[in-house]
Asks: 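Okay, here's the structure, questions in a sec.
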Amino acid sequence: MKLCVIGGAGARSAFLTKSLVKAAGDIRVDEIVLMDNNREKLRTYGEISKELARRLDPSVRFWVTDDARAALRDVDYIITTIRAGGDEGRLFDEQTCLAHGVLGQETTGAGGFAMALRSIPTLVYYCTLAREVAHPGHLIFNFTNPSGIITQALRSRGFDNVYGICDAPSGFIRQLEEILGVPYGELDIECYGLNHLSWFRNARLHGRDVQQELLNNPRTYQHSEMRLFTREMARISGECMLNEYLYFYYRREKSLSMIQKAEHPRGEMIYLINRELEQQLSRLELPRDFEKAFNLYMTAYGKRENAYFSVESGACREKVWKAPSVEEFLSTPDEGGYAAVALRFIRAITEGEACRMVLSVPNAGAIEGLADDDVVEITCDIRSDGAHPVHIGAIDEFQLQQIKRLKYFERCTIRAVLENDPDAAIKGLALHPLVNDFELAQKLTDIFFRQYADFIHMNEQAPN
């Protein structure tokens, strides 16, 4: 079987390669291709991945290309992790938003809106091409941000084989397991909401309720992403633990103030780190200089990882990520990340290894008060016949109104992009809690529609 990664040459490509190649035999995949439209990144990140794949398992056919049609031909599984418009687009969005006094974080609010303008048309293009040339019955796992909006958009276009994935919920659950002192996979917990707007409840360990134990444990607010919140916030949120991205909603003023004071906001920081790395890699000859390239790559990755949420919150993660050597990287167990979510899904449907995981899928009656076709981020039971969201039922009204407001924004954004409808964009942004101003929504819509007109007009084109 064949697996393709669209947008496969980038900041996470080495980790993605390790996860996929190590699991290839388990999921019956004998061919993996990383596709990216940036040839220079294929020459650097792509070559690093090729050498890692060779050392991990030379029996797997592993190749890289900028030819989307060839990459998708007869493919069985697709992972999308693109950054349409590159780091430059992210930087423009962030600077534009901050200049107008709003958060420019790339998955929420006006920043998320701008990224959706670029990402939705691009992925509609690739999914349409896959429908034409991929293996019938192929599955698509979308990691491209803003993941929830993208998955909703693709589902609305009839791509019912698309599942949204994010590594934030699984990463948070792993942190909770470390606090409890149990191995990964032992904690049973329900997640529900939207991507980057979700809550965690009913934590159980071997049948025992540990929700209050975690909520009342000071270590939860020191050693997990709950460090961004207070016990009072959890209480008012229905005695739930919180997705880290709720920080931008619950502490909007603090996060905006911290970003405005920072020497380099997150988007600019990533831009500078990546530019420095790419300039360093451009001077190397690969695969000859693989060891040096790998060390540079991991050093840059550590800078990004250890600064996660530090600009916005003013505090770094307690656990510092240390760059491994090549030997350490190859020999240590796979930590997973977003690839692990896709791989567990594939194992469940091909090998009958039923499991639970958090995905973005249609609500299908799971959360009361939402439409069946509203894509939600929710714990799912994965079986051979696909993903089945767990029944959540009625939820706290405070949470429901947040979800409804953001879902209205998502649907307006999708209509704005797919129908070239700036009025829909204005309505969505005006109601979004991180914008919440009609005139500002008009200004931002005008700026981003002009900046990304070429992406919006991609909807008028057909794959060739």
Side-chain angles (χ1 to χ4, degrees), residues 3-22 24 31-68 70-71 79-91 143-144 264 266-308 320-339:
L3 185 150
C4 172
V5 181
I6 300 293
R12 296 200 190 194
S13 56
F15 296 90
L16 184 58
T17 296
K18 177 181 175 179
S19 296
L20 296 178
V21 174
K22 281 202 166 189
E31 181 178 2
I32 298 171
V33 53
L34 305 187
M35 181 271 158
D36 204 290
N37 61 7
N38 187 314
R39 292 187 177 182
E40 180 58 23
K41 287 185 177 181
L42 287 174
R43 193 192 71 79
T44 52
Y45 298 129
E47 287 297 322
I48 291 173
S49 293
K50 282 172 64 177
E51 180 61 18
L52 287 172
R54 186 189 68 79
R55 296 189 184 195
L56 285 163
D57 187 351
S59 70
V60 176
R61 186 189 175 204
F62 189 98
W63 53 291
V64 303
T65 183
D66 63 352
D67 185 337
I79 294 175
T80 70
T81 174
I82 67 168
R83 181 173 292 285
D87 291 332
E88 294 79 8
R90 180 180 187 174
L91 182 61
F143 184 69
T144 299
H264 300 299
R266 178 69 177 176
E268 182 179 339
M269 177 193 298
I270 298 301
Y271 175 85
L272 293 172
I273 292 172
N274 288 351
R275 290 296 78 71
E276 179 183 28
L277 172 61
E278 287 162 14
Q279 288 170 7
Q280 292 170 331
L281 292 178
S282 70
R283 294 191 285 268
L284 302 181
E285 183 65 36
L286 290 164
R288 184 194 67 189
D289 299 325
F290 168 74
E291 300 278 345
K292 187 171 184 179
F294 178 88
N295 292 335
L296 289 169
Y297 172 92
M298 287 297 171
T299 299
Y301 181 87
K303 291 178 182 178
R304 293 189 297 265
E305 186 71 7
N306 291 327
Y308 183 69
V320 177
W321 188 88
K322 296 181 180 179
S325 66
V326 175
E327 292 71 22
E328 289 170 336
F329 182 72
L330 294 174
S331 62
T332 54
D334 180 39
E335 294 182 357
Y338 68 89

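Scope of the values below: all heavy atoms of this structure, side chains included, with no hydrogens, waters or symmetry mates.
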Asks: Please lay out, stage by stage, how R83 and R90 fare under the test side-chain contact (heavy atoms from CB on, under 4.5 Å).
Replies: CA-CA 9 Å; R83 181 173 292 285; R90 180 180 187 174; 3.6 Å; yes
Asks: Hey, what do you get for CG (N274) to CD (E88), rounding to the nearest 0.5 Å?
Replies: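 If I round to the nearest 0.5 Å, the distance is 9.5 Å.
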Asks: Does any part of the side chain of P324, heavy atoms only, come nearer than 4.5 Å to the side chain of T332, both counted from C-beta?
Replies: no
Asks: Applying side-chain contact (heavy atoms from CB on, under 4.5 Å), run through V5 and F143 and close with a yes or a no.
Replies: CA-CA 10 Å; V5 181; F143 184 69; over 6 Å; no
Asks: One pair to check against side-chain contact (heavy atoms from CB on, under 4.5 Å): M298 and S325. What are the steps and the verdict?
Replies: CA-CA 9 Å; M298 287 297 171; S325 66; over 6 Å; no
Asks: If the threshold is 4.0 Å, N to carboxylate O, is there a salt bridge linking E276 and K303?
Replies: yes
Asks: To the nearest 0.5 Å, what is the distance between CG on D67 and CG on D36?
Replies: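 Nearest 0.5 Å value for the CG-CG distance: 13.0 Å.
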Asks: Using 0.5 Å steps for rounding, measure from the OG1 atom of T299 to the CG atom of N295.
Replies: 6.5 Å
Asks: One thing to verify: whether E51 and R55 come together as a salt bridge, which I'm taking to mean a side-chain N less than 4.0 angstrom from a carboxylate O.
Replies: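 Here R55 pairs with E51 in a salt bridge, since their nearest N and O are under 4.0 Å apart.
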Asks: Before accepting this row, confirm whether a basic side-chain N of the pair D87/R275 lies closer than 4.0 Å to the acidic partner's carboxylate O.
Replies: yes
Asks: Report the distance from atom CD1 of I48 to atom NZ of K50, rounding to the nearest 0.5 Å.
Replies: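 The CD1 atom of I48 sits 12.5 Å away from the NZ atom of K50.
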Asks: Taking all atoms of both residues into account, what is the closest heavy-atom pair of G46 and V64, and its distance?
Replies: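 Closest heavy-atom pair between G46 and V64: O-CG1, 3.9 Å.
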Asks: Under a 3.5 Å distance rule, please check whether K18 uses its side chain to pair with a backbone N or O of F329 as donor and acceptor.
Replies: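 At least one qualifying donor-acceptor pair exists.
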Asks: Which is it for V21 and L52 under the side-chain contact (heavy atoms from CB on, under 4.5 Å) test, yes or no, and what are the steps along the way?
Replies: CA-CA 9 Å; V21 174; L52 287 172; over 6 Å; no
Asks: Is any side-chain heavy atom of D57 closer than 4.5 Å to a side-chain heavy atom of F62?
Replies: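 Contact flag for D57/F62 side chains = no.
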Asks: What's the shortest heavy-atom distance between C4 and M35, and which atoms?
Replies: SG-CB, 4.3 Å
Asks: How many angstroms lie between atom CD of E305 and atom NZ of K322, to the nearest 0.5 angstrom?
Replies: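 Going from the CD atom of E305 to the NZ atom of K322 covers 14.5 Å.
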Asks: If every non-hydrogen atom of L20 is compared with every non-hydrogen atom of I79, which pair is closest and at what distance?
Replies: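 So the minimum-distance heavy-atom pair works out to CD2-CD1, 4.2 Å.
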Asks: For K22 and L330, indicate whether the former's side chain and the latter's backbone hold a donor-acceptor pair under 3.5 Å.
Replies: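 Here the side-chain-to-backbone pair exists.
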Asks: Under the 3.5 angstrom rule, does the side chain of T144 hit a backbone N or O of I82 as a donor-acceptor pair?
Replies: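 Here the side-chain-to-backbone pair exists.
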Asks: May I ask you to test the Y301-R304 pair for a side-chain heavy-atom distance under 4.5 Å?
Replies: yes
Asks: Nearest 0.5 angstrom please: F290 CZ to E47 CD, how far?
Replies: 10.5 Å
Asks: Is it true that a side-chain atom of Y297 and a backbone atom of A14 form a donor plus acceptor pair closer than 3.5 Å?
Replies: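 Side chain of Y297 to backbone of A14, a donor-acceptor pair under 3.5 Å: yes, one is there.
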Asks: Search all heavy atoms of T65 against all heavy atoms of A71 and return the closest pair with its distance.
Replies: CG2-CB, 3.9 Å
Asks: Judged by atom type as modelled, is there a donor-acceptor pair below 3.5 Å linking the side chain of N306 to the main-chain atoms of V320?
Replies: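 Pair absent, no side-chain N/O of N306 close to backbone of V320.
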Asks: Within the side chain of D289, is there an N or O that forms a donor-acceptor pair under 3.5 Å with the backbone of K292?
Replies: no
